[in-house]
Engineer: 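So that we are looking at the same thing, I have put the structure below in structure tokens.
The structure presented is a predicted model; accordingly, all values stated were derived computationally and were not measured.
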Amino acid sequence: LAYPAYLGTRYLRTPPINDVSTDLQDPPRFEQAARFRPRGTADYPGGEAAEMQRTAYPDLDTLQVAANAQIAFEAARSVLAKRRWTIILDRPPVGRRDGQIEAIARTPVLGFREDVAVRIRSAQDGVNIDVRSASRYGRHDLGSNAARVRRLLEDIDDAVTALLEARQRQQQKAAPTKTPTQPSKR
């Protein structure tokens with residue numbers, strides 16, 4: 001009875017939405033995932049659902065990192081690969097074009113498929129990373145999409161930091177160190 005009681009509590013405490021995005025005005029689109037989703041569910045619902053999300057999950061916001069778009073893209077792709085999600089779209093950022101990764105995640109208990117889109121967009125001070133996660137079925141996700149987005153953003157932020165530090169170490173190793181020359185004794 002404990003698990004059904006837990007689910008009942010989650011049902012009452014979370015908003016009845018199943019599509020969550022860090023950018024409520026211009027959420028990442030599902031391009032490839034739209035082919036797998038039930039008809040009419042590929043577009044972000046916006047409106048009332050966005051307002052419920054804003055109230056319930058005010059911490060979900062665009063991740064801003066001080067890196068270039070290629071590093072952010074590599075970090076996001078590595079995080080999704082570590083999670084063993086099925087990547088169905090892998091489009092790196094080129095020039096002014098946004099990078100986009102789409103993946104299919106599975107819920108731990110029943111293995112339901114849920115779609116995730118990660119958008120990497122260059123900005124003045126670095127890169128903006130937006131994530132959208134949506135359940136394919138049902139009107140209520142019990143907060144699972146918000147939790148997924150939150151964990152994914154934290155992991156991408158950590159991966160970007162690790163990549164930047166690794167590249168900095170490589171550059172330090174590659175840079176020749178000047179040693180003072182000793183005058184010759186003749």
Engineer: Can you tell me how far the CZ atom of R121 sits from the CD atom of Q100, to the nearest 0.5 Å?
Structural biologist: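 These two atoms lie 9.5 Å from each other.
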Engineer: Between CD of E102 and CH2 of W85, what distance do you get to the nearest 0.5 Å?
Structural biologist: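 Interatomic distance, E102 CD to W85 CH2, rounded to 0.5 Å: 13.0 Å.
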Engineer: Please step through side chain to side chain contact (heavy atoms under 4.5 Å, CB included) for the pair D125 and Q64, ending with a clear verdict.
Structural biologist: CA-CA 8 Å; D125 300 334; Q64 298 173 331; over 6 Å; no
Engineer: Going by atom types only, do T22 and D130 share a side-chain donor-acceptor pair under 3.5 Å?
Structural biologist: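 Side chains of T22 and D130: pair found under 3.5 Å.
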Engineer: Let me confirm one number: the CG-CD1 distance from D98 to I129, rounded to the nearest 0.5 Å.
Structural biologist: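 Reported to 0.5 Å precision, the distance equals 11.5 Å.
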Engineer: Counting only heavy atoms not in R150, do more than 12 fall under 6.0 Å of its CZ?
Structural biologist: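 Above 12, so yes.
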Engineer: Is a salt bridge present between R167 and E74, judged by a nitrogen-to-oxygen distance below 4.0 Å?
Structural biologist: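 A salt bridge is present here (some side-chain N lies under 4.0 Å from a carboxylate O).
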Engineer: Are D26 and R119 close enough that some pair of their side-chain heavy atoms sits under 4.5 Å apart?
Structural biologist: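 Yes, their side chains come closer than 4.5 Å.
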Engineer: Rounded to the nearest 0.5 Å, how far does CZ of R37 lie from CG of D43?
Structural biologist: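 Here the rounded value is 10.0 Å.
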Engineer: Return the minimal non-hydrogen interatomic distance between R136 and P38, and the atom names on each side.
Structural biologist: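 Minimum heavy-atom separation between R136 and P38: O-CG, 3.4 Å.
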Engineer: Got a donor-acceptor contact below 3.5 angstrom from the S21 side chain to the D23 backbone?
Structural biologist: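 Looks like yes, one N/O pair under 3.5 Å.
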Engineer: Measure the spacing between OG of S135 and CG of D115 and express it to the nearest 0.5 Å.
Structural biologist: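 Atom-to-atom, S135:OG and D115:CG are 9.0 Å apart.
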Engineer: Can you name the closest pair of heavy atoms from Q32 and I88 and give their distance?
Structural biologist: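 Looking at all heavy atoms of both residues, the shortest contact is CG-O, 3.6 Å.
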Engineer: Look up atom CG in D19 and atom OG1 in T41, then write down how far apart they are to the nearest 0.5 Å.
Structural biologist: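 Reported to 0.5 Å precision, the distance equals 8.5 Å.
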Engineer: Do F30 and I101 belong together in a cluster built from hydrophobic side chains that touch within less than 4.5 Å?
Structural biologist: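 No, it is not one cluster - the side chains of F30 and I101 are not joined through contacts under 4.5 Å.
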Engineer: For V116 and A105, work out which heavy atoms get closest and say how close.
Structural biologist: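 Smallest heavy-atom distance, with atoms named: CG2-CB, 4.3 Å.
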Engineer: Can you tell if the side chain of L152 reaches within under 4.5 Å of the side chain of L80, non-hydrogen atoms only?
Structural biologist: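 With C-beta onward as the side chain, the pair touches.
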Engineer: Check for a donor-acceptor pair, side chain of S122 on one end and backbone N or O of A69 on the other, with a separation under 3.5 Å.
Structural biologist: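 No, S122 side chain to A69 backbone: no donor-acceptor pair under 3.5 Å.
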Engineer: Please give me the minimum heavy-atom distance between A50 and L24, naming the atom from each residue.
Structural biologist: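 Here A50 and L24 meet closest at O-CD1, 3.8 Å.
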Engineer: Check each of R83, K82, R148 against D155 using the salt bridge (charged side-chain N to carboxylate O under 4.0 Å, His left out) test, and report the only one that passes.
Structural biologist: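 By the salt bridge (charged side-chain N to carboxylate O under 4.0 Å, His left out) criterion, D155 pairs with just one of R83, K82, R148: R83.
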Engineer: If you look at every heavy atom in M52 and P16, which pair is closest and at what distance?
Structural biologist: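 Looking at all heavy atoms of both residues, the closest pair is SD-CD, 3.8 Å.
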Engineer: Could you tell me whether the side chain of V118 reaches within less than 4.5 Å of the side chain of F73, counting heavy atoms only?
Structural biologist: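 No, side chains not in contact.
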Engineer: Taking the side chain as everything from C-beta on, heavy atoms only, tell me whether R132 gets closer than 4.5 Å to Y44.
Structural biologist: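 Yes, side chains in contact.
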Engineer: Please report the closest heavy-atom contact between N68 and V127, naming both atoms and the distance.
Structural biologist: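 Distance-wise, the nearest heavy atoms are C-CG2, 3.4 Å.
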Engineer: Identify whether I104 and F112 are in the same connected component of the hydrophobic contact network (ILVMFWY, side-chain heavy atoms under 4.5 Å).
Structural biologist: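 Different clusters: I104 never reaches F112 through Ile, Leu, Val, Met, Phe, Trp or Tyr contacts under 4.5 Å.
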